[in-house]
Amino acid sequence: MKPGNEPLPVLETDEERAEYEFNEADGWVSIGELGERRVALKETALGMLRGSGRQQIAISVSERDLARLKQKASEKGVHYRTLIDTILHDYAEE
C-alpha cells in the first residue's frame with residue numbers, strides 16, 4: 001500500500017468520527033470573538049495569581065480522556081492544562 005493510502009480506522013460513533021477528523025485536520029480552529037475572550041482570560045489569570053500558593057501534582061489520565069480534554073480545550077481557546085485546572089477548581093468549590 002502506498003504511503004498516504006492507509007485504511008481509515010473503524011469509528012463506531014459520531015463522537016469518535018469527530019475526534020478523528022479533528023485530530024487529522026490541519027489548520028486553525030476558530031475560537032470566536034477574541035476581545036471578550038482576552039478580557040475573560042486576563043481576569044482568570046489575575047485571579048489565579050492572587051490566589052493561594054500552588055502545588056504541582058502528577059496524575060495519570062487515559063489517552064482517550066486526554067485527547068477529549070485537548071479537543072474541548074482547543075474549542076474553548078485555552079491550553080488543556082488550564083481546562084483541567086478549571087475543572088478541578090470548579091469541582092473543589094462545589
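Here, residue 1 is the first one in the sequence, and each next residue gets the next number.
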List the residues meeting side-chain contact (heavy atoms from CB on, under 4.5 Å) with Ser62, not counting sequence neighbours, and say none if there are none. Arg64, Asp65
If only atom types and distance count, is the side chain of Gln71 paired as donor or acceptor with the main-chain N or O of Ala67 below 3.5 Å? no
Please list, one pair per line, the donor and acceptor atoms closer than 3.5 Å that link side chains of residues 84-94 to other protein atoms, with sequence neighbours excluded.
from, atom 1, to, atom 2, distance (Å)
Asp85, OD1, Arg54, NH2, 3.2
Asp85, OD2, Arg54, NH2, 3.3
Thr86, OG1, Thr82, O, 2.9

With sequence neighbours excluded, tell me which residues meet side-chain hydrogen bond (donor to acceptor under 3.5 Å, both in side chains) with Arg17. Asp14
Under the rule for side-chain contact (heavy atoms from CB on, under 4.5 Å), what residues qualify as partners of Ile59, not counting sequence neighbours? Ile57, Val61
Measuring from atom NZ of Lys72 to atom CZ of Arg68, what distance do you get when rounded to the nearest 0.5 angstrom? 8.5 Å
Arg81: side-chain contact (heavy atoms from CB on, under 4.5 Å) partners, not counting sequence neighbours: His79
